[in-house]
Amino acid sequence: MSISTHFCDPQWWAQTHFGGTVLGDVRRSRRVVTLAAGWARQPGASIPQLSAGQAGASKAAYRLLGSVTATPEAL
């Protein structure tokens, strides 16, 4: 048995795993992919760090994660 040392592109990984997420609005689905890719690149980063200081992007991420449609099952 060998351990793979190849790690894929975070954006590709996030799109593969979260791209099919249906949350009622395509913008929410895109935001999930963006957040997942960001956390794959920078584990433990805060939402403001992932949003590069853009207050609107941070607010949208918090709104998404606080939404009743963003359940673990849906994601």
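Since the structure is predicted, the reported quantities are computational estimates derived from the model, not experimental observations.
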* To do: Please name the pair of heavy atoms, one in Ala36 and one in Trp13, separated by the smallest distance, quoted to 0.1 Å.
  => O-CZ3, 3.9 Å
* Asked: Judged by atom type as modelled, is there a donor-acceptor pair below 3.5 Å linking the side chain of Ser29 to the main-chain atoms of Thr21?
  -> yes
* **Derivation of the side chain to side chain contact (heavy atoms under 4.5 Å, CB included) call for Leu64 and Thr69** => CA-CA 8 Å; Leu64 165 70; Thr69 60; 5.8 Å; no
* Donor-acceptor pair, Ser51 side chain versus Gln54 backbone, under 3.5 Å? -> no
* **Nearest heavy atoms of Leu50 and Ala45, plus distance in Å** => CD2-CB, 3.8 Å
* Asked: Hey, mind stepping through Trp39 and Ile47 against side chain to side chain contact (heavy atoms under 4.5 Å, CB included) and telling me if it holds?
  -> CA-CA 9 Å; Trp39 279 316; Ile47 289 175; 3.9 Å; yes
* To do: Specify the closest pair of heavy atoms between Pro43 and Ala40, including all atoms of both residues, with the distance to one decimal.
  => CD-O, 4.0 Å
* Asked: To the nearest 0.5 Å, how far apart are OG in Ser67 and CZ in Arg31?
  -> 12.5 Å
* Shortest non-hydrogen contact from Leu23 toward Arg28 -> O-NH1, 2.9 Å
* Got a second to check how far Arg30's CZ is from Leu35's CG, nearest 0.5 Å? -> 13.0 Å
* Without swapping roles, check the side chain of Arg41 against the backbone of Ala37 for a donor-acceptor pair under 3.5 Å. => yes
